[in-house]
2 protein chains.
Amino acid sequence: MSEQYVRCEVSCVNEDAVTEVRQVMLDEDVAVSLAELFKALGDPTRVKILFALLTRELCVCDLAALIGVTESAVSHQLRLLRAQKLVKFRREGKNVYYSLDDSHIEELFAQGLEHVTE
Amino acid sequence: MSEQYVRCEVSCVNEDAVTEVRQVMLDEDVAVSLAELFKALGDPTRVKILFALLTRELCVCDLAALIGVTESAVSHQLRLLRAQKLVKFRREGKNVYYSLDDSHIEELFAQGLEHVTE
DNA sequence: TCAACATTTGATCATATGTTCATATATAAT
DNA sequence: ATTATATATGAACATATGATCAAATGTTGA
């Protein structure tokens, strides 16, 4: 319990409200994980990559050409998306084909698009 | 069309795949808006604020006490969430009560939680 | 009007982020 | 083996981000 908590406790805080919400509050680590997931979706390049992969698997070079950035930039972002288990890949000769590794992305994008387009 | 696009065009790019995806690709501004929305959800403090507001409206001081950060930090984050039209507020005396201003947050969190907890 | 309180705002600072460039790795073809 | 191609990686750099502090604003009650 931090200093400002104590300070608030004796001033403006509605204790009942805070207690009520605290019962159902997210655990710290879950909040952090959730934020990391959304952060992974929070960049235009990564949004484009994931949206493109909703249609079909693509190799790094395809994605770079489609989105208009260097292969290096795409590769760096794919690494991050891999770390979040949002994409998976398979190697075929010299190419590496990426595809979605998560069933929630479509719904996340659908909900997100509803928000931004209304 | 950028330099690396031309380079790719004569090398590894699968033109058919890229053309196919390009047909249904997000517009630049929509991709940016979507990324901005997810970026707004991409911070633990903001995740906690929004999650708390799923239960009930709370004033700045309540949120600060609940989450364990200063009122100033909460206020700064609320400003950002307001800009994204994710929260709205009403003034009651000296307090300002915040509540959700978007029907998609619950579903976004539900989908996100499924991803991070599996 | 003044004092106290709740919130907001601006400045500052340390850290995180995203791209680029150069280089390394991996595979294929000659 | 050597070369070319596709991807990955690390360093560097400019920019963005999030918290804190101090100060400003707005509201209430004495």
Side-chain angles (χ1 to χ4, degrees), chain A residues 2-5 7-14 17-18 31-32 35-36 38-49 57-84 87-98, chain B residues 2-5 7-14 17-18 31-32 35-36 38-49 57-84 87-98:
Chain A
S2 56
E3 198 181 330
Q4 75 273 5
Y5 179 79
R7 183 184 157 278
C8 273
E9 203 164 19
V10 297
S11 58
C12 68
V13 170
N14 177 340
V18 173
V32 169
E36 276 173 5
F38 287 127
K39 189 180 289 189
L41 303 178
D43 172 81
T45 298
R46 292 194 293 271
V47 163
K48 291 173 197 165
I49 289 173
E57 68 169 8
L58 292 164
C59 69
V60 175
C61 197
D62 290 342
L63 286 166
L66 176 71
I67 295 171
V69 297
T70 63
E71 285 96 348
S72 177
V74 169
S75 185
H76 276 296
Q77 300 296 9
L78 286 168
R79 179 185 165 85
L80 193 153
L81 294 174
R82 245 157 43 211
Q84 287 295 322
V87 300
K88 59 182 190 291
F89 64 98
R90 69 180 179 86
R91 174 153 229 138
E92 184 179 308
K94 280 178 293 190
N95 295 315
V96 175
Y97 286 89
Y98 281 84
Chain B
S2 57
E3 199 181 330
Q4 75 273 6
Y5 180 79
R7 182 183 158 279
C8 274
E9 204 166 19
V10 298
S11 57
C12 68
V13 170
N14 178 340
V18 172
V32 169
E36 275 172 7
F38 287 127
K39 190 180 288 189
L41 303 179
D43 172 81
T45 297
R46 293 193 294 271
V47 163
K48 291 174 197 167
I49 290 173
E57 71 168 7
L58 292 164
C59 69
V60 176
C61 196
D62 290 342
L63 285 166
L66 176 70
I67 296 171
V69 297
T70 62
E71 285 97 348
S72 176
V74 170
S75 185
H76 276 296
Q77 299 298 8
L78 285 168
R79 179 183 165 85
L80 193 154
L81 294 173
R82 244 157 43 209
Q84 288 295 322
V87 299
K88 60 182 191 292
F89 64 97
R90 68 181 180 84
R91 188 173 262 281
E92 184 180 308
K94 281 180 288 191
N95 295 316
V96 176
Y97 285 89
Y98 280 83

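- Both A:Asp43 and A:Gly93 sit near DNA chain C, but only A:Asp43 has its closest nucleotide nearer the 5' end.
- Listed pair B:Gln77 / D:dA19 meets the phosphate criterion, a side-chain N or O lying under 4.0 Å from OP1 or OP2.
- Residues A:Asn95 and B:Asn14 fail the side-chain proximity criterion, which asks for heavy atoms closer than 4.5 Å.
- Summarising the geometry, the separation between CG on B:Asn14 and P on D:dT5 is reported as 18 Å, rounded to the nearest angstrom.
- For the pairing with B:Lys48, the side-chain contact (heavy atoms from CB on, under 4.5 Å) check across B:Val69, B:Val74, B:Ile67 returns one residue only, B:Ile67.
- The only option from A:Ile49, A:Val60, A:Asp62 that meets the side-chain contact (heavy atoms from CB on, under 4.5 Å) definition with A:Tyr98 turns out to be A:Val60.
- Look at CZ on B:Arg90: it is 14 Å from C1' on C:dA6, rounded to the nearest Å.
- For the pair A:Lys39 and C:dT17, the criterion of a side-chain N or O lying under 4.0 Å from OP1 or OP2 is met.
- The side chain of A:Lys94 contributes no N or O atom lying less than 4.0 Å from OP1 or OP2 of C:dA29.
- Atom CZ of residue B:Arg82 and atom NZ of residue B:Lys88 lie 13.5 Å apart, to the nearest 0.5 angstrom.
- Per the geometry, CD belonging to B:Gln84 stands 14 Å off C1' belonging to D:dT17, to the nearest Å.
- Sulfur atoms SG of A:Cys59 and B:Cys12 are positioned 2.5 Å or more apart.
- Between the A:Arg46 side chain and the B:Ala35 main chain, no donor and acceptor come within less than 3.5 Å of each other.
- The distance from atom CG of A:Leu63 to atom P of D:dT7 is 9 Å, rounded to the nearest whole Å.
- At D:dA19, one or more side-chain N or O atoms of B:Thr45 fall inside 4.0 Å of OP1 or OP2 (strictly under the cut-off).
- The distance between atom OH of A:Tyr97 and atom C1' of C:dA26, rounded to the nearest whole Å, is 16 Å.
- Rounding to whole angstrom units, CD of residue B:Glu36 and C1' of C:dG18 are separated by 16 Å.
- Contact annotation: B:Asn95 side-chain N/O to C:dT7 OP1/OP2 distance is under 4.0 Å.
- Atoms CG (A:Leu58) and P (D:dA6) sit 15 Å apart, rounded to a whole Å.
- B:Leu41 has its CG atom 14 Å from the P atom of D:dT17, to the nearest Å.
- Looking at B:Asp43, its side chain does come within 3.5 Å of a backbone N or O of B:Thr45 through a donor-acceptor pair.
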When you compare the protein's N or O atoms with those of nucleotides 8-13 of chain C, which come within less than 3.5 Å of each other, and at what distance?
from: C:dT8; atom 1: OP1; to: B:Tyr98; atom 2: OH; distance (Å): 2.5
from: C:dT8; atom 1: OP2; to: B:Ser75; atom 2: OG; distance (Å): 2.9
from: C:dT8; atom 1: O5'; to: B:Ser75; atom 2: OG; distance (Å): 3.4
from: C:dT9; atom 1: OP2; to: B:Arg79; atom 2: NH1; distance (Å): 3.0
from: C:dT9; atom 1: O4; to: B:Ser72; atom 2: OG; distance (Å): 2.7
from: C:dG10; atom 1: O6; to: B:His76; atom 2: NE2; distance (Å): 2.8

